[in-house]
Amino acid sequence: MLHIGLTGGIGAGKSTVAAALIECGAHLIDADQISRDVLEPGTAGLAAVIEEFGPGILSADSSLDRPALARTVFGDDEALRRLNAVVHPLVRAETKARLADLPASAVVIHDVPLIVENELAPEYHLVLVVGASAATRTARLQRDRGMSVEQIRARMTAQADDAARARVADVWIDNDGARERAVAEVAALWRERIAPYAGNIAAQRGAERPERPELAAPPDPPRTWAVQAEAVLDRLRRAGGDLVRSADHIGSTAVPGLAAKDVLDLQIGVTDLAAADQLAGAFARAGFPRLDGHWYDSPKDGLAGPGTAWDKRFHANADPGRAVNLHVRVAGGPGWRYALLCRDWLRADDDARSRYQRLKQELAATTASTQEYAAAKEPWFDQTWPQIRAWAERTGWAPPPF
Ligand code: ADP
């Protein structure tokens, strides 16, 4: 199942985009609606709230008197906590029940106004942000919802701003113009990214990759490779829980200033490969299926002799819009150390970085496939290993604690 978190400032067009996604075939989980449903007359939820706050929170027709309940908990943290303790588990259970009825290939939209404020992005496979300028949003809300400029301004200043939203946006949908334009953008996004992503997750397969290696310039802020990597690592940390001992951005995209293939290399450290195997299902559900085969790193003198110490597990991205190579290695092991050391050496040594950049450019121009490109880089790393090792000794390099 593919979970999409949809957010945006008030009046930007979340409902409009949600409707377009539903038109494409998505299912909407409306948290507001569910929290009303679990307190309908005759529900265990309503009975529990009456038990907690007394019959004074009921209207004459025995339904919940929402304003009365709001008055009861307003400004009273303890009362609000008691209310949440009743309602939140019911909402979670009801959400789970609704999700259980959907097929494995379903796309689920969660309308989450406070995704940025509450740091909820890691809970979703994709975060879609709908954006429109403050002036456009204000005009729409005045026109369609009869809100005053003061009311609108107060709501806007209480929310995160677009700069903060842009940082977490896997996809930014511009709804400043005509509705049809945004709807067409959503339809293309569905076709090119969302539908194949959901299909890949259900089939536990990686997304297709370009046949030829192409170097890309580092992306502009706020969605730099570092920011994107951290967002994916947050998803992996959440999916893997305590089995994840370390989570790092490695490889060329982790070296500022280096042009690289637009593929994020990420490293998850685990206690042993049995733990890596235990993680396979959770990572696959999170959008990173494990690839079959025997995966291992090329041994380097002085770290460990050739053998199983260099074994790892390898996962790739199901998302056609964000290529990721996910290396699951034993934390503290030779492959794990080498990846971090190499990154730190390239970050620190300007000359090494330029030499590596030239090699990458040459190979990208002369090799016919991504596989050939990756294989052709290996001898350079073998040759430079004595220099990397000397640098590590000279600087007293140590990997981050885990
Ligand atoms: P949100 O759910 O983000 O608060 P809505 O989707 O409800 O925003 O949109 C706010 C208002 O603006 C609605 O009345 C909607 O019909 C209208 N609207 C949304 N997108 C457009 C657009 N591109 N052009 C004109 N009006 C729009």
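The shown structure was predicted, so the numbers you read here are calculated from the model rather than taken from an experiment. Note that ligands are numbered from 1 as they come in the structure, with each ligand's atoms numbered from 1 the same way.
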Q | T16 side chain reached by R179 side chain, heavy atoms, under 4.5 Å | A | yes

Can a non-hydrogen atom of [X] be found less than 4.0 Å from any atom of ligand 1?
X: A182; value: no
X: G177; value: yes
X: G9; value: yes
X: G8; value: no

**Q.** From CA spacing to verdict: ring-ring contact (aromatic ring centres under 6.0 Å, His included), F314, Y296
**A.** CA-CA 9 Å; F314 187 76; Y296 56 93; over 10 Å; no

Q) Would you find a donor on one side and an acceptor on the other, under 3.5 Å apart, between the side chain of H327 and the backbone of Q267? A) no

Flag the pair [X] and [Y] as a salt bridge only when some basic side-chain nitrogen lies within less than 4.0 angstrom of an acidic carboxylate oxygen.
X: D170; Y: R235; value: yes
X: R81; Y: E78; value: yes
X: R322; Y: D319; value: no
X: R290; Y: D277; value: yes

What is the nearest protein non-hydrogen atom to [atom], stated with its residue, atom name and distance?
atom: atom 16 (O) of ligand 1; answer: R179 NH2, 3.3 Å
atom: atom 24 (N) of ligand 1; answer: R140 NH2, 3.5 Å
atom: atom 3 (O) of ligand 1; answer: K14 N, 2.7 Å
atom: atom 2 (O) of ligand 1; answer: S15 OG, 2.7 Å

Where on [X] is there a heavy atom closer than 4.0 Å to ligand 1, on the side chain, on the backbone, on both, or on neither?
X: A178; result: backbone
X: R143; result: side chain
X: R145; result: side chain

Q: Could you label the plane-to-plane angle of the H110 and Y124 rings as parallel, tilted or perpendicular, counting under 30° as parallel and over 60° as perpendicular?
A: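 Tilted, since the angle between the ring planes falls between 30° and 60°.
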
(Q) To check you understand the geometry: which heavy-atom pair defines the closest contact between L46 and E40, and what is its length? (A)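 Reported closest heavy-atom pair: CB-O, 3.7 Å.
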
Q.
Which option wins on minimum heavy-atom distance to atom 19 (C) of ligand 1: T16, L141, T136, V183?
A. T16

Q: May I ask which of N175, D144, D174 has a heavy atom nearer to atom 15 (C) of ligand 1 than the others do?
A: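 Closest candidate by heavy-atom distance is D144.
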
Q: Could you tell me whether G13 and ligand 1 have an N or O pair separated by under 3.5 Å?
A: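 Yes, at least one N or O pair falls under 3.5 Å.
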
